[in-house]
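Within every chain, numbering begins at 1; the chains are lettered A, B, ... in the order of the sequence lines, protein sequences first and strands thereafter.
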Amino acid sequence: MRACPTEALRVIEGKAHLHANRCIDCGECYRVCPTGAIIVEQDDFQNIFNYKRRVALIPSVLLGQYPDNVTPGMVIQALKNIGFTDVFEVEDSVEYLIPQINEYIAKNQNKKPIISSFCPAIVRLVQVKFPWLVGNILLIRPPLDLTASYIRGMLTSNGVSNNDVGIFYITPCAAKIAAIKSPVGEEFSELNGVINMDLIYNRTLHEIKKKNVNKIPNSFLSDLSARSITWALTNGEAVNIDGRCMAIDGIHNVIEFLEKIENDEVNGVDFLELRACDESCAGGILAAANRFITAELLRNHAKQFLKPDQSSNNQNKLQKYEQLLMGKINLNRVEPRSMVKLDEDMAKAMKKMERVKRLMCYLPGVDCGVCGAPSCLALAEDIVQGEGAISHCVFLQKIMEQNKLDPEHSFRIMKKIWGTNRFYKDCDKPIQNK
Amino acid sequence: MNFEFKVQGGDFVRAGNASSQVKKILKQLNVDSAIIKRVVVALYEGEVNIAAHAFNGIINVEIDTERILIKLDDNGPGIPDIDLAMQPGYSTASPIVREMGFGAGMGLPNIKNNSDDFKISSVVGKGTHLEITVNLKSTKEEV
Ligand SMILES: Nc1ncnc2c1ncn2[C@@H]1O[C@H](COP(=O)(O)OP(=O)(O)OP(=O)(O)O)[C@@H](O)[C@H]1O
Ligand SMILES: [Mg+2]
């Protein structure tokens, strides 16, 4: 509950509830949840078989998950064994994107710093917590979307019926799933579904362990350029964009930095690469391997090339389909989704703020979370918004007991927040070991 | 409604605390972002002036649905020639302060430009008093 950077989580009847309009799908709650109660929704794997051409769209970080003796070629083979007909890499569009991004920045000097649209959790974070900065978001679709458009365009122009093409993204994080189910700044998504990376990891590794996959010597199969391979890692974007660029990873670091940007305390930055996860996508919540190892592995893959834009094959596959991608590169305006205001009407907002202030005089300020809200202030705001009650606070219950609230009643309240089970002896309850 | 903040002379790390608190408050009150920006800039400059030039000070922020009134009171050396201090580019900042990136002599002019009404008075050897008003319905352009 307290892991949530936007205070979107509440505990009611023993279960975690999300304020949908505050949640930015960063997955921080998933990372810390002791009971595994928070799940990342995904499409049923069997759905891929509704299509003749079953495309696995894999992020480069997937290839950085496996033990040393498993080569990328074997992973691709395993993906085909489990049912996919084609495998493409998300970063295929990176070489095509880089000049576009540079051009955009040059044209939008008045909107500096430009904030990358790469990480969907960051786009949502800006919407809910930094509504003034939505105008700074790069209005160019991220590689995932652009590559999906390219694949669909390429297959259909080669005579495959559009209905036969099923593109499935193998995601390392929750934010990408939400971005596809309810895309920001886009009317539709070119993807047909999303499958979690942990599931794919398990299935492909199983396939490899069963020896259904031939040993393929250690060649990095993809024809991605060096900088495309590392694009999803921290500093992947920043080092390749012109001007003064900064790369910041980890949602709390990003929030701290955006506060400074909003206060005009940081000047002269052209481009900000912001990623919700520590070590960017290598640290995605659905990743199997240690994020530092994954990052190292990908950097080593990239090192086989001398130049950042060099690749083993044609570097800019998308050029051929330029015509097709025209009109698909831009995102629509991103709208703010401010969560901070107490009320639209300022007079009402002031009344509510007065009440919050008064409540804070009584609440203990220890942020224990027993009330089901992440902090005393969050409870006070919930109460004022009609979504919480003073009696949810154990400290205030004690005071109220002296007047009218009987102990039985306060017991019932706690049961209502945390569920009945919390009051039974249970030696197997999940405990977080830190 | 009223909010009070204290500023300690010499503490540049925490100068800016009042303006970021006020920013949060005004956001919660759904105040227009252009107006919030003006308030925050003016208040920040005032805060830094207390930290840079005075010993300590108290900031009082009064908010109603018409306007935001900020009063800054400090104990400090005061300003002998206010007209001169108000000149863009005039500064008595010490080299140390300049090294920290302050002391361009733009603070007071900036405060004036961002407010709809601005009052300043000072008693040498005692302190300085600033009153900054920003109207919520004001149409003044950002500077
Ligand atoms: N609160 C104060 N107490 C005493 N002197 C002050 C105070 N505020 C301003 N002054 C005097 O007025 C001068 C001009 O102030 P102003 O804020 O415009 O510039 P500055 O603080 O020197 O530099 P800047 O604000 O651009 O970093 C200061 O150099 C200082 O001598
Ligand atoms: Mg100043």
Original post:
So which part of V31(B) gets closer than 4.5 Å to some heavy atom of chain A, the side chain, the backbone, both or neither?
Top reply: side chain

**OP:** Answer yes or no: are there more than 12 heavy-atom neighbours, outside R98(B) itself, under 6.0 Å from its atom CZ?
**Re:** yes

Subject >> Interchain contact, L26(B) with chain A, by part (heavy-atom threshold 4.5 Å) >> reply: neither

**OP:** Name the region of N2(B), side chain, backbone, both or neither, that has any atom closer than 4.5 Å to a heavy atom of chain A.
**Re:** backbone

Original post:
Above 12 or not: heavy atoms from other molecules or residues under 6.0 Å from CD of E387(A)?
Top reply: yes

Original post:
Quick one: of V41(B), I36(B), V40(B), who has the most non-hydrogen atom pairs under 4.5 Å with chain A?
Top reply: I36(B)

**OP:** Check whether more than 12 heavy atoms from other residues, nucleotides or ligands sit under 6.0 Å from atom NZ of K351(A), and answer yes or no.
**Re:** no

Subject >> I96(B) atom CD1, over 12 foreign heavy atoms within 6.0 Å >> reply: no

Subject >> Among D345(A), D343(A), L342(A), residue most engaged with chain B (heavy-atom pairs, under 4.5 Å) >> reply: L342(A)

**OP:** Answer yes or no for R244(A) and F271(A): cation-pi contact, defined as NZ/CZ to six-membered ring centre under 6.0 Å and angle to ring axis within 45°.
**Re:** no

**OP:** Check whether the ring centres of Y362(A) and F395(A) lie less than 6.0 Å apart, and answer yes or no.
**Re:** no

Original post:
Where on E381(A) is there a heavy atom nearer than 4.5 Å to chain B: the side chain, the backbone, both, or neither?
Top reply: side chain

Subject >> Interface moiety of K357(A) toward chain B, non-hydrogen atoms closer than 4.5 Å >> reply: side chain

Subject >> Part of K23(B) within contact of chain A (heavy atom distance under 4.5 Å) >> reply: side chain

